[in-house]
Amino acid sequence: MKIKTISINKYKAFTKEEKIPIDEKNVFIYGENGSGKSSFYYALKDFFQSSVEPIDMASLRNYTLTDGLTDCSIEIEFTGTIRNILNETTKSTNTPQISDANRLKSFLTYKHLLGIHNVKISQEIDVFELVVNGVLKHFKSATITGGVELGVLWLDLLNEHKKDYGSGKEFYFARQKKASVERKAIAFNNAINKLFLTGNPDYLAPGVNKILEKLSPGLKIEFNRHTVTVNEWGYITMPKIILEVESQGVSLNTKAPHFSLNEAKLSAIAISIFLGAIVKQSPFSKEIKPLFLDDILIGLDNENRLKLLHLLQEKDVPTADKVFKDFQIFITTYDRHWYEVAKLNLSNWKFIEFYKGTNGPEINHNQKTNIERARCYLNAYDFPACANYLRKECENVLKEKLLETYKVGKGIKGLVKPPDLETLINRLKEYYEDLGLEPPFNLVESLQNYKSILFNPMSHSDLESPIYKNDLELAFKTIDDLQKIVLPTRKIIISKGTLFNLTLPTINYSAEIVTAKDIYLVEHNAIKSISPIDIFFKTWRREGVEYAIPTGSPAIAYANAGLLDRIKNSPFSIEKAINGLNITCNDRGQAEVIEEEILKALVSDGKTVFDIIDESKK
């Protein structure tokens, strides 16, 4: 059972509702400081915690909002469209699946790691608070804790120890208080012994060391627990769980391990304890197993960060042996470099970006369109990234609108390079011109301008080019205009290479003519027209002379073979062809021909070009 979507509305940093797609995947989140990623962390944490205790959602509503509404909420959709909600008036999170998942205590921030780092030189590494009041607080087992949470056992003992005795008190004699405290101490000590005393089947260290070996090979830890003792007045000695550390087979117990080990190794130990405890408890939450690691990469060096990523992904481990296969993992970082490294190392994860916007978090994920991402970056004042996504959207829209023949790239050394943005803009203009229509010059000019001042600089990482918010807003408008434009449609009515015969008796002229390109019926703005007609003169005769020159009688053929080849291999527009024929008409003293006459004189399979055009428009 995995999380599909998380909807957060007006909670902490969120000023409006954000629906974040998770798609039942593990998630890696990048977020700069103040971007709302910590609010996301606490939203999930509060959601699960609400299954066992009240969460005052009204006090967690974004403090900048003054609309008087009561709509602060967290809603999660799980596998199978199961939805649970936590808001200011309702909650549906008190289900066995969610409360069991909350028992895992599987939300870790870098602050939790400080329990190992912040130890004075005179002290041992005592992880009691980290473990008992942290990761194992909600641990309970019939055989280990008697079915009571470990944190509850400790709190009951601590509260009993704090009670006074005497007249008017719950305990009149010290021996009465001592007996009560001892009963609670026995229950707590039994649990501590089973978890932290070597040799017990439930001893936590072996599981921790399996993880630690992968994060920091050569390191090994053992737990040395100091159980609670009760004095004659019923007061207890504080328990301890001391770490004993071994590095490459050498004990560091007498060498102040917190000074002998660097920060990365201390963090690796803390993370291993956390993950080991989670794995230990995971059987108690069979359906939902969240694991959230918030900014814990801070204390790890590059090598150990990669090891943690590989540990969680378990890429080369058989599926049956994968420790974290049933967990849904969330990791956050403010380190952009490591976010990009994670993309290369984590397959089939969801990657999400949080930015600090003008109106709460701006969240980017792969289900947003390029325009939505561009708007997100604009609101986050990342103008270069905004321009980059506007360029992508501009390219995509042009590719969607243009016909395939206008999206063909340029050939380079036998390869085809996809058309660049400038080429696509020019192809838009060419499409109109090829159909004999006037291009949308204002749109084309705006696209060319923004290609120069916004889009191209970002493509070439020219970060020194000035990027202005107003220019970007106008670019959004231009791309919106491009999206709305309806391109002319075309339908072939005469194919390229169709052979026509032309006969003009008045000048004793005949020719075989081939269409140089397809001729289209064009429809634009409810008006039908015909695309420009270009032709090749394959052969021609005048006064019985093949390839005759335009003037003179009797007719003579072209003597210059090179010139003749150029004429035969050059396309003529219908207008240019008519002008050439009229040279002969004028020379022979005949009336000039017009386009309609030529179209009616061009015949193929019993049909004239004029007839074909006329029928296509009906």
Side-chain angles (χ1 to χ4, degrees), residues 48-49 51-54 94 96 99-106 112 115 123-208 221-244 273-274 276-285:
F48 284 99
Q49 189 67 22
S51 66
V52 296
E53 68 179 54
N94 52 339
S99 60
D100 285 347
N102 182 67
R103 286 170 54 193
L104 297 181
K105 294 300 292 180
S106 52
H112 291 111
Q123 294 178 329
E124 303 160 301
I125 301 181
D126 184 359
V127 294
F128 180 88
E129 284 294 321
L130 176 70
V131 176
V132 174
N133 285 329
V135 295
L136 287 179
K137 180 178 180 180
H138 294 287
F139 177 86
K140 68 178 179 179
S141 159
T143 57
I144 299 175
T145 64
V148 180
E149 291 184 356
L150 182 63
V152 172
L153 286 179
W154 168 240
L155 186 62
D156 284 350
L157 172 58
L158 192 63
N159 289 337
E160 200 76 356
H161 132 92
K162 291 179 180 178
K163 292 178 179 179
D164 293 330
Y165 61 89
S167 178
K169 307 293 184 182
E170 181 180 350
F171 304 110
Y172 188 83
F173 298 108
R175 66 176 182 273
Q176 295 174 315
K177 175 188 171 184
K178 177 185 177 184
S180 179
V181 173
E182 282 180 336
R183 284 193 298 272
K184 295 182 182 295
I186 289 171
F188 178 74
N189 285 339
N190 284 340
I192 291 296
N193 285 335
K194 290 174 181 177
L195 288 170
F196 300 104
L197 179 60
T198 182
N200 277 310
D202 295 305
Y203 184 42
L204 196 59
V208 172
I221 63 103
E222 296 292 343
F223 294 107
N224 182 3
R225 89 281 175 268
H226 294 188
T227 54
V228 170
T229 61
V230 184
N231 67 18
E232 59 184 304
W233 298 284
Y235 294 107
I236 65 173
T237 58
M238 288 296 109
K240 295 181 181 180
I241 300 175
I242 307 302
L243 277 188
E244 296 181 350
I273 294 173
F274 177 82
I278 295 302
V279 171
K280 181 73 174 176
Q281 297 178 92
S282 63
F284 301 117
S285 181

L204 CG to L136 CG distance, which is reported to the nearest 0.5 Å: 6.0 Å
In the structure I gave you, are the side-chain heavy atoms of F196 and E222 within less than 4.5 Å of one another anywhere? no
Side-chain donor or acceptor of K177 paired with backbone N/O of K163 under 3.5 Å: yes
R103 and E149, any side-chain heavy atoms less than 4.5 Å apart: yes
Distance flag, aromatic centroids of F171 and Y165, threshold under 6.0 Å: no
Under a 3.5 Å distance rule, please check whether T145 uses its side chain to pair with a backbone N or O of L150 as donor and acceptor. no
Could you tell me whether W154 and F128 have their ring centroids closer than 6.0 angstrom? yes
Value for CG (D202) from OG1 (T143), rounded to nearest 0.5 Å, stands at 5.5 Å
In Å, rounded to the nearest 0.5 Å, how long is the span from CG of N224 to CG of L197? 9.0 Å
Scan for side-chain hydrogen bond (donor to acceptor under 3.5 Å, both in side chains) pairs involving residues 188-201, sequence neighbours excluded, and state none if there are none. N193-R225
I'd like to know whether V152 forms a side chain to side chain contact (heavy atoms under 4.5 Å, CB included) with V148, so could you lay out the CA-CA distance, the side-chain angles of the two residues, the decisive distance to 0.1 Å, and finally the verdict. CA-CA 7 Å; V152 172; V148 180; 3.7 Å; yes
Are I221 and V208 packed together at the side-chain level, in the sense that at least one heavy-atom pair is separated by less than 4.5 angstrom? yes
Closest non-hydrogen atom pair between V181 and G234, with its separation: CG2-O, 3.4 Å
I would like to know whether H138 and Q49 meet side chain to side chain contact (heavy atoms under 4.5 Å, CB included); could you show each step before the answer? CA-CA 11 Å; H138 294 287; Q49 189 67 22; 4.2 Å; yes
Any donor-acceptor pair under 3.5 Å from D126 side chain to K240 backbone: no
Run E160 and D156 through side chain to side chain contact (heavy atoms under 4.5 Å, CB included) and show every step you take. CA-CA 6 Å; E160 200 76 356; D156 284 350; over 6 Å; no
Pairwise distance CG(L158) to NZ(K184) - rounded to 0.5 angstrom: 12.0 Å
Trace of the side chain to side chain contact (heavy atoms under 4.5 Å, CB included) decision for T227 with F188: CA-CA 9 Å; T227 54; F188 178 74; over 6 Å; no
Reported CD1-to-CD1 distance for the pair I242 and I125, which is rounded to 0.5 angstrom: 9.0 Å
Would the distance check show the side chain of S51 and the main-chain N or O of F48 forming a donor-acceptor pair, the cut-off being under 3.5 Å? yes
Heavy-atom check, side chain of V132 versus side chain of I192, under 4.5 Å: yes
Please check if atom CZ in F284 has more than 12 non-hydrogen atoms from other residues, nucleotides or ligands closer than 6.0 Å. yes
Could you tell me if K178 sits above the aromatic ring of Y235, with its cationic atom closer than 6.0 Å to the ring centre and no more than 45 degrees from the axis? no
Is Q176 reaching over with its side chain to a backbone N or O of F173, donor-acceptor style, under 3.5 angstrom? yes
Rounded distance (nearest 0.5 Å) linking atom CG of L130 with atom NZ of K137: 13.5 Å
Is a donor on one side and an acceptor on the other found under 3.5 Å between the side chain of S285 and the backbone of S282? no
